[in-house]
J.: 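To start, I am sharing the structure in question, which I have written as C-alpha cells.
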Amino acid sequence: MGQKNVWFSCGLTVAAGYLLSASLAFGLVISLYLVLLTLCLLVPKQYAKKIVCLLMIGLIASAYYAYYDFIHRSFLQAAAEREERLHVWGSIDSQVKRDGDILSFYLLAERAGKTEAALEPLARPERIAVRVRLTEEGQIRLVERYRQTDRLGLSLDLAMPQHARNPHAFDYAAYLSTQGVTVTGSGTFADVFAYRQEATVQRLFQEWQEQAARRVVQCFSDPVAAGYLQSLLFGVQEAPDPSLVDLYRDMGLIHVLAISGLHVTLVSMFCMQALALCRMKEKHAFLLTSLLIGGYVMLVGASPSAIRAGLMGALYLWGRLLDKRWSGLELLGAALLGMLIVSPYQMWQLGFQLSFLVTWGLLVYVPLFMSVPFPRKAWMRSALAVTTAAQLVSFPVIIYWFHLSSPLSWLVNLLLVPILSLIVLPIGYVVILLSFVHPALAVLPAAAIEHLLSWLHGLLAIMGEWHVPFTHWRHPAWWWMFGYGALLVAVPIFWQRGYHRNRDKIGYCAILLLLIALAKNPFANAGEVRITFLDVGQGDSAVVEIGNRLVYVIDSGGTPVFANEQWKRRRDPFEVGKDTVLPFLRSRGIERIDRLVMTHGDYDHIGGFGGVLPHMEIAAALVNGKEPGHTELQLHNELRRKKIPIVTGQTGQSWQDGPDVRWTWLSPGLDRSVEDNDASIVLLLEAYGKRILFTGDMEEEVEQRLANEGLLPPIDVLKVGHHGSRTGTSELLLDRTHPALAIISVGQKNRYGHPAPEILARLKARGIQTIRTDQSGAVTVRIDQTGLVWDVSLRSPAMQK
C-alpha cells in the first residue's frame with residue numbers, strides 16, 4: 001500500500017466497497033470478496049498482505065453501507081404509496097428556500113399520525129422533502145424566520161417521488177435518495193399547526209450567511225452582479241440569475257460558482273497574515289486558522305466541495321502544527337474517507353464527485369503536464385496544465401450528468417477562470433471588508449468588478465449563441481465510463497514507471513482520442529429508425545432519428561404561463577422545451593434538427609420550441625401553411641432571423657430519407673380554411689416496411705376525409721390524435737388502419753379528462769395495445785430490417801395490455 005498513499009488507498013477502497021454494496025445483493029458481495037481473498041493465495045507474498053488488507057477494508061465498507069442503508073429505510077413509504085395525509089412533527093433539516101409561492105426544505109420527521117392529537121414517535125427520525133405552498137403574500141414575512149433546526153408541525157400529503165419520465169432525464173427520486181429521502185410531502189401554509197424557533201449554532205451561521213448576502217447587495221448596484229457574487233463569495237446557491245447559471249453550465253464554467261479550495265486558500269492566507277500582524281506564534285496561528293476554516297465552511301453552506309476543501313485545509317494546518325508534511329493525495333484521501341464514513345449517500349452526489357475527481361486530477365496530472373518543456377514560460381505552462389487536467393478528468397462526469405461539453409470550454413476556462421478566481425474573487429472579499437470600514441471605500445472596487453463582470457458575461461452570451469460542433473454528447477455507456485476511468489488511472493502509473501517517451505505520449509493521446517470518438521459514436525443506430533414519443537405532460541412531442549443522419553422533431557409540448565401575482569412567480573419556472581425536449585436531444589448527441597415540424601398553433605404543441613431554437617442548428621421548419629397565430633408568429637420571426645427556411649406541403653406529397661424510409665404528407669390539403677385542430681399536419685412514416693401515423697390533434701372530420709380519399713393504409717403504430725379526446729380516433733380510422741400499437745401523449749391528472757374512456761374502450765375492443773405517457777413516461781419505438789420493438793421509461797402496473 002505504501003505509507004505515502006495509505007489514506008488515499010483506504011478512501012478509494014471504501015468508495016469501491018460502497019459501490020459494490022449499492023449495486024449487488026449483499027450475499028453476492030460477500031461471495032465476491034471470498035473469491036478475491038482466495039485468489040490472493042496465488043499472489044506473491046510481498047503483494048498479498050497489502051491486497052488482503054485492502055480487501056478487508058472493502059468488505060467492512062460494504063457491510064457498513066448495507067447497515068447504513070438498512071437503518072435509513074423509510075417507515076413512511078407505505079403511507080406515501082397510498083398517498084395518505086398525515087400530521088408530522090420534526091425539525092427542519094436544511095436551508096429553507098422560497099421560490100415564488102413555494103417553500104421547500106427537508107424535514108427530519110420524528111412523530112407522525114392521522115391527527116395532531118394522535119402523533120406517535122417513528123422508529124427512527126426520517127428525512128422528508130417538503131413543499132409548502134403560500135396562499136397570501138403576507139405569509140412570506142412569517143416563513144422568512146424559518147431556519148435549519150427549527151421545530152415544525154404540519155399536515156402533509158405524502159407521496160413517492162417520481163423517477164425520470166424521459167430517457168436520461170433528471171431523476172428526482174434518485175436525487176432524493178442521495179439526500180437520504182424516500183418520500184415527499186406537500187401542503188399549504190394553513191397546514192402548519194406548530195412552530196418553535198431553536199437557538200443553535202447552525203441557525204447562527206445561516207443568519208450570518210444571510211447578513212453577508214445582504215451586504216453584497218448593498219455594495220453592488222447591479223442585481224445580476226450582486227446575485228453572482230453572493231454565490232461566488234458566500235455560497236448562496238439560489239442567488240445567481242437562472243439564465244446566467246444556464247450560460248455558465250453551457251460554457252463549462254459552473255464549477256466557478258462552487259466554494260472550492262481556492263476560497264479556503266484565500267481565507268487561510270488572510271487569516272494567517274492577520275494573525276502574523278498580531279504577532280501570534282505560528283503554531284497557535286495554525287490552530288486558530290484551522291478552526292476559522294471550519295467556521296467559514298459553515299458560513300458558506302457546507303456544500304460537499306466546501307467541506308472537502310475545508311477538511312484538506314484544516315488537515316494541512318494540523319500537519320504543520322505537528323511538524324508533518326502530508327502529501328496532497330493523503331489529504332484528499334483522508335477527506336474522502338471522513339466524508340464517506342459520516343454520510344455514505346453523498347458519494348452519489350454530483351458536487352461530491354466533481355470536487356474529489358477534479359482535485360485528484362489536479363494533484364496527479366498537473367505535475368505530468370508541467371514536465372512537458374513547452375511553453376517555456378512556467379506561468380503559461382502552469383495555466384495550461386491546470387485547465388487541461390481539470391477538463392480531462394471532469395469530462396466523463398459532465399457528459400454523464402449534462403450530456404454537454406463544449407470544445408470552447410477549455411479555452412473559456414483557460415482565459416476566464418484566472419480572471420474570475422484571481423481578480424473577481426479576492427477583490428470581492430476586499431469590497432465586503434472595506435464596506436465595514438466605510439461604505440465609500442467600497443464604491444470604486446465594486447464598480448470595477450461590476451464593469452468587468454458585465455463585459456465578461458456579455459462575451460460569454462455571444463459565445464453561447466454559437467452552434468459549435470461536438471457540444472452535445474450521447475449518454476455514455478457503463479463500459480465507456482470504465483474505459484475512460486481506467487485510462488485516467490493508468491497514465492500516471494505508467495508515467496511514473498518511465499513510460500513517458502514521445503511514442504508513449506502519442507499512444508496515450510491516441511487512446512484518448514479513440515475514447516472521445518467512441519463517446520460521440522458516429523456509427524450508432526446506422527440502420528435504424530428510432531422514434532421517441534416524449535412525456536411532455538399535456539402536450540405532444542416526438543423525436544424521429546433516421547439512422548445517424550437525419551432528425552425530425554414533431555412538436556415540442558408547451559408549458560402554459562398563467563398571469564400570477566408577482567410574488568407568486570418562480571425565478572426559473574419549468575418550461576418543457578428547455579427542461580424536457582432540449583435535455584433529451586442533448587442526451588442523444590443531437591446538434592442539428594433537419595426538420596422542425598410544427599403541426600399546428602396550439603401552445604401545447606409548439607410552445608416548447610422557444611426553449612429549443614437557441615441551442616440547436618435547424619435546417620428547415622415544416623408548417624401547416626395557415627396564417628400563424630401569436631405563438632407561431634413569434635417562432636416564425638425567430639426562424640426568419642436565423643435564416644431558416646419555412647416550408648409546407650400538400651396532400652399526397654412524399655419524400656424519401658433513404659431507400660427504406662419514406663414520408664407522406666396527408667393533411668392539411670389545398671383547402672387551408674380548416675381551423676384549430678383540423679389544421680394539424682398529419683404525416684405517415686414508412687420505415688423498413690412498418691408504418692407510423694403522426695396525427696397531431698386530428699379530429700373525426702379529417703379522419704373521415706382521409707378515409708374517403710383512400711389515404712389511410714394499414715399501419716403498425718398510431719399516435720392517437722388530440723391526446724385521446726372523444727372528438728377523434730373514430731371507429732372508421734381504427735377499422736381502416738388496424739394499428740397494433742396506439743400511443744397516447746397525455747398529462748397526468750389533466751383537467752380535460754384525456755384520454756376519454758370511450759376511446760380507451762374502442763382501442764381495447766380491437767385488441768390494440770395502448771401505451772399512455774401519463775402512466776409509462778416516454779415511449780421509444782425502434783424499427784430496422786428485423787422488425788419493430790418498443791420500450792417505455794416507466795414500468796407501471798396501470799399499463800394496458
J.: Walk me through whether Arg569 and Gln566 qualify under side-chain hydrogen bond (donor to acceptor under 3.5 Å, both in side chains).
T.: CA-CA 6 Å; Arg569 295 176 184 171; Gln566 183 64 37; 2.9 Å; yes

J.: Under the side-chain contact (heavy atoms from CB on, under 4.5 Å) test, which residues partner Ser94, sequence neighbours left out?
T.: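 Only Phe105, Tyr106, Arg127 meet the side-chain contact (heavy atoms from CB on, under 4.5 Å) criterion with Ser94.
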
J.: Classify the ring geometry of Tyr248 against Tyr228: parallel below 30°, tilted from 30° to 60°, perpendicular beyond 60°.
T.: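 Ring orientation, 0 to 90° scale: tilted.
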
J.: Can you give me the closest heavy-atom contact between Pro573 and Asp579, atom names plus distance?
T.: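 Looking at all heavy atoms of both residues, the closest pair is O-OD2, 4.0 Å.
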
J.: Determine yes or no for a side-chain-to-main-chain donor-acceptor pair under 3.5 angstrom, with Arg147 supplying the side chain and Gln197 the backbone.
T.: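 Absent.
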
J.: Return the minimal non-hydrogen interatomic distance between Val264 and Gly310, and the atom names on each side.
T.: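 For Val264 and Gly310, the tightest heavy-atom pair comes out as CG2-N, 4.0 Å.
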
J.: With a 4.5 Å heavy-atom cut-off, do Leu460 and Leu456 have their side chains touching?
T.: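 Leu460 does not reach Leu456 side chain to side chain.
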
J.: Do Glu81 and Gln77 get their side chains close enough for a donor-acceptor pair, meaning under 3.5 Å?
T.: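 Glu81 vs Gln77: donor-acceptor pair found between side chains.
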
J.: Report the residue from Gln237, Glu238, Gln209 that forms a side-chain hydrogen bond (donor to acceptor under 3.5 Å, both in side chains) with Gln95.
T.: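 By the side-chain hydrogen bond (donor to acceptor under 3.5 Å, both in side chains) criterion, Gln95 pairs with just one of Gln237, Glu238, Gln209: Gln209.
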
J.: Set out, in order, the CA-CA distance, both residues' side-chain angles and the distance that settles side-chain contact (heavy atoms from CB on, under 4.5 Å) for Ile259 and Phe234, then state yes or no.
T.: CA-CA 8 Å; Ile259 302 297; Phe234 298 109; over 6 Å; no

J.: What's the shortest heavy-atom distance between Val536 and Gly557, and which atoms?
T.: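 Shortest heavy-atom separation between Val536 and Gly557 comes out as CG2-CA, 3.9 Å.
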
J.: Could you go through Asp191 and Val132, starting from their C-alpha distance and side-chain angles, then the distance that decides it, and tell me whether this counts as side-chain contact (heavy atoms from CB on, under 4.5 Å)?
T.: CA-CA 9 Å; Asp191 295 321; Val132 176; over 6 Å; no

J.: Is the closest side-chain heavy-atom distance between Ser435 and Cys219 below 4.5 Å?
T.: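 Yes. Closest side-chain heavy atoms under 4.5 Å.
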
J.: Can Val130 and Ile92 be said to form a side-chain contact (heavy atoms from CB on, under 4.5 Å), step by step?
T.: CA-CA 10 Å; Val130 173; Ile92 298 175; over 6 Å; no

J.: Take Asp555 and Asp604, measure what side-chain contact (heavy atoms from CB on, under 4.5 Å) needs, and give me the verdict at the end.
T.: CA-CA 9 Å; Asp555 288 336; Asp604 63 331; over 6 Å; no

J.: Would you call Tyr429 and His263 a side-chain contact if the rule is heavy atoms closer than 4.5 Å?
T.: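 They are in contact (side-chain heavy atoms under 4.5 Å apart), so the answer is yes.
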
J.: Using the six-membered ring wherever Trp is involved, compare the ring planes of Tyr172 and Phe170 and label them parallel, tilted or perpendicular (cut-offs 30° and 60°).
T.: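 If you compare the ring of Tyr172 with that of Phe170, the planes turn out tilted.
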
J.: Only pairs at least two apart or in different chains count here, so list each salt bridge (charged side-chain N to carboxylate O under 4.0 Å, His left out) that has a residue in residues 247-264.
T.: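 Qualifying pairs, neighbours excluded: Asp246-Arg249, Asp250-Arg586.
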
J.: Should Asp774 and His754 count as side-chain neighbours, where that means a heavy-atom distance under 4.5 Å?
T.: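 Contact flag for Asp774/His754 side chains = no.
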
J.: How are the rings of Tyr400 and His475 set relative to one another: parallel (under 30°), tilted (30 to 60°) or perpendicular (over 60°)?
T.: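 If you compare the ring of Tyr400 with that of His475, the planes turn out tilted.
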
J.: Does Arg98 count as lying over the ring of Tyr146, i.e. NZ or CZ under 6.0 Å from the six-ring centre, within 45 degrees of the axis?
T.: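 Arg98 over Tyr146 ring: no.
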
J.: What are the two closest non-hydrogen atoms of Val183 and Glu126, and how far apart are they?
T.: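 Closest heavy-atom pair between Val183 and Glu126: CG2-OE2, 4.0 Å.
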
J.: Which atom pair, heavy atoms only, marks the closest approach of Ala442 to Val431?
T.: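 Closest approach of Ala442 to Val431: CB-O, 3.6 Å.
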
J.: One thing to verify: whether Arg151 and Glu110 come together as a salt bridge, which I'm taking to mean a side-chain N less than 4.0 angstrom from a carboxylate O.
T.: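 Judged by the 4.0 Å cut-off on N to carboxylate O distance, Glu110 and Arg151 do form a salt bridge.
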
J.: How many angstroms lie between atom CZ of Phe584 and atom NE2 of His168, to the nearest 0.5 angstrom?
T.: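 Rounded to the nearest 0.5 Å, the CZ-NE2 separation comes out at 8.0 Å.
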
J.: Using 30° and 60° as the class boundaries, would you call the ring planes of Phe193 and His87 parallel, tilted or perpendicular?
T.: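 Plane angle between 30° and 60°, so tilted.
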
J.: Does any part of the side chain of Thr631, heavy atoms only, come nearer than 4.5 Å to the side chain of Ile606, both counted from C-beta?
T.: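 A side-chain contact under 4.5 Å exists here.
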
J.: Would you call Arg570-Asp101 a salt bridge at under 4.0 Å N-O?
T.: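 So Arg570 pairs with Asp101 through a salt bridge.
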
J.: Once side chain to side chain donor-acceptor pair (under 3.5 Å) is applied, do any residues pair with Arg196, and if so which ones, sequence neighbours excluded?
T.: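 Partners of Arg196 under the side chain to side chain donor-acceptor pair (under 3.5 Å) test: Glu198.
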
J.: Return the OG1 to CG distance between Thr184 and Leu156, rounded to the nearest 0.5 Å.
T.: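 So the gap between those two atoms works out to 9.0 Å.
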
J.: Do you know which two heavy atoms are closest between Val746 and Asp535, and how far apart they sit?
T.: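 Reported closest heavy-atom pair: O-OD1, 4.5 Å.
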
J.: Any donor-acceptor pair under 3.5 Å linking the side-chain atoms of Ser186 with those of Arg133?
T.: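 Looking only at side-chain atoms, Ser186 and Arg133 do not form any donor-acceptor pair under 3.5 Å.
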
J.: Tell me, do Leu76 and Glu84 make a side-chain contact under 4.5 Å, heavy atoms counted?
T.: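 No, too far: nothing below the 4.5 Å cut-off.
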
J.: Would a 4.5 Å heavy-atom cut-off, applied to side chains only, mark Met298 and Gln202 as touching?
T.: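 Yes, at least one pair of side-chain atoms sits under 4.5 Å.
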
J.: Can you classify the ring geometry of His605 versus His723 as parallel (below 30°), tilted (30 to 60°) or perpendicular (above 60°)?
T.: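 Geometry flag for His723 against His605: tilted rings.
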
J.: Hey, does Val779 have a side-chain heavy atom less than 4.5 Å from the side chain of Thr532?
T.: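 No; the side chains remain at least 4.5 Å from each other.
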
J.: Go through the steps for Thr200 and Thr149 under the test side-chain hydrogen bond (donor to acceptor under 3.5 Å, both in side chains), then give the verdict.
T.: CA-CA 7 Å; Thr200 63; Thr149 70; 2.8 Å; yes

